[in-house]
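In what follows, a structure is listed as structure tokens, so that the remarks can point back to it.
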Amino acid sequence: MSDEVLEMFKMAGAIKEGHFLLASGLHSPVYWEKFRILQYPHYTEKLCHLIAQHFKDQKVDVVAGPATGGIILAFETARQLGVRSIFAEKMGKIRTFRRDFDITPGEHILVVDDILTTGGSIRETISAIGKLGGVVIGIGVLVDRSQEKIDFGVPLFSCLRAPTVTYPAKECPLCAAHIPLVAPGGQS
């Protein structure tokens, strides 16, 4: 299945090469542009189907994702599981549920996100869920590009595992080679 998932990303033009500033602050020679894949409903539906199928036998009450890419993925995965969908947004330095979203204490939450590098947005979403008394039962991502597997304390499913090199800015050989840094996705 991973070959089929990789082919979807290639067909959508979602795998970019160059010198990129990631949301984590790390630099990388490869950028996975999730919105290139999310613009195609048939790809999004197939990828979310993989996540939904993986967790279908778990008791999932709500699917939650971090804004922005996680909104679409949470919605489609929840639709396929027949449950509610919510998303967490940044408010200053923390991620929180706004827009009158609620979590009943004890509800089982599946967290979904697009591209996993360091796990920062997933950890922030898990924290926001915990503050409301929800119980995270699993995590689903489109691509796990982390160099080393990340342990969130719950099962992690990725449609594609594609370890991709990253560098702290001060140690980046692409910077040393004076290759222009691109901040994709509206980052500044």
Side-chain angles (χ1 to χ4, degrees), residues 1-2 4-9 12 14 23 32-92 94-146 149-162 185:
M1 180 52 71
S2 61
E4 185 179 332
V5 172
L6 182 59
E7 189 59 27
M8 283 185 228
F9 274 86
W32 294 80
E33 180 47 84
K34 67 241 174 204
F35 289 109
R36 294 288 301 198
I37 198 93
L38 296 178
Q39 71 181 333
Y40 296 104
H42 64 285
Y43 289 152
T44 303
E45 181 179 21
K46 285 179 183 179
L47 294 166
C48 290
H49 180 75
L50 294 173
I51 296 169
Q53 283 300 113
H54 184 81
F55 290 101
K56 71 179 169 78
D57 294 330
Q58 304 295 314
K59 183 185 182 303
V60 177
D61 298 312
V62 179
V63 179
T68 308
I71 296 171
I72 296 167
L73 299 172
F75 177 85
E76 178 58 24
T77 304
R79 185 190 71 76
Q80 292 188 30
L81 289 170
V83 299
R84 289 186 306 124
S85 164
I86 60 177
F87 58 89
E89 300 173 82
K90 279 282 207 180
M91 293 270 311
I94 64 166
R95 202 170 290 273
T96 187
F97 292 98
R98 300 174 48 211
R99 304 178 195 280
D100 211 23
F101 288 138
D102 65 341
I103 293 173
T104 302
E107 274 190 308
H108 293 176
I109 316 295
L110 172 62
V111 175
V112 296
D113 200 6
D114 40 46
I115 312 300
L116 171 61
T117 301
T118 64
S121 61
I122 290 173
R123 289 187 199 289
E124 291 169 357
T125 302
I126 290 171
S127 177
I129 291 166
K131 288 177 185 173
L132 297 177
V135 177
V136 176
I137 57 91
I139 299 164
V141 297
L142 298 184
V143 178
D144 177 357
R145 65 167 278 152
S146 63
K149 293 207 175 217
I150 300 172
D151 183 5
F152 293 101
V154 296
L156 169 66
F157 171 80
S158 60
C159 297
L160 178 65
R161 173 96 172 107

Determine all donor-acceptor pairs shorter than 3.5 Å in which one atom belongs to a side chain in residues 41-58; sequence neighbours excluded.
{"from": "T44", "atom 1": "OG1", "to": "Y40", "atom 2": "O", "distance (Å)": "3.2"}
{"from": "H49", "atom 1": "ND1", "to": "Q80", "atom 2": "OE1", "distance (Å)": "3.2"}

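Residue pairs that meet the salt bridge (charged side-chain N to carboxylate O under 4.0 Å, His left out) test with at least one member in residues 116-126, sequence neighbours left out, are K90-E124, R95-E124. The list of side-chain hydrogen bond (donor to acceptor under 3.5 Å, both in side chains) pairs with a residue in residues 108-120, not counting sequence neighbours, reads D113-S121, T117-R145. Note on residues 57-86: no pairs pass ring-ring contact (aromatic ring centres under 6.0 Å, His included), not counting sequence neighbours.
Not counting sequence neighbours, the partners of E107 by the side-chain contact (heavy atoms from CB on, under 4.5 Å) test are D61, V62, R84, I103, T104, I109. Not counting sequence neighbours, the partners of S127 by the side-chain contact (heavy atoms from CB on, under 4.5 Å) test are K131. Taking the side-chain contact (heavy atoms from CB on, under 4.5 Å) definition, one finds that D144 meets it with L116, V141, S146, L156, S158, R161, sequence neighbours left out.
Separation of atoms CE (M8) and CD1 (I37) is listed at 7.0 Å; rounding is to 0.5 Å. The distance from the CZ atom of F87 to the CG atom of L73 is 13.0 Å, given to the nearest 0.5 Å. Atom-to-atom distance recorded for L132:CG and F101:CZ is 12.0 Å, nearest 0.5 angstrom. Summarising the geometry, atom CG belonging to L160 is positioned 8.5 Å from atom CD1 belonging to I115; distances are rounded to the nearest 0.5 Å.
Just one residue in the list I71, I126, V112, T125 forms a side-chain contact (heavy atoms from CB on, under 4.5 Å) with P66, and that residue is T125.
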Checklist entry - Can you check side-chain contact (heavy atoms from CB on, under 4.5 Å) on T77 and V60, steps first, answer last? => result CA-CA 11 Å; T77 304; V60 177; over 6 Å; no
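By the neighbour-count criterion of 12 heavy atoms within 6.0 Å, atom NZ of K149 is sparsely surrounded, having that number or fewer from other residues, nucleotides or ligands.
Looking at every heavy atom in both residues, S85 comes nearest to A74 through OG-C, 3.4 Å.
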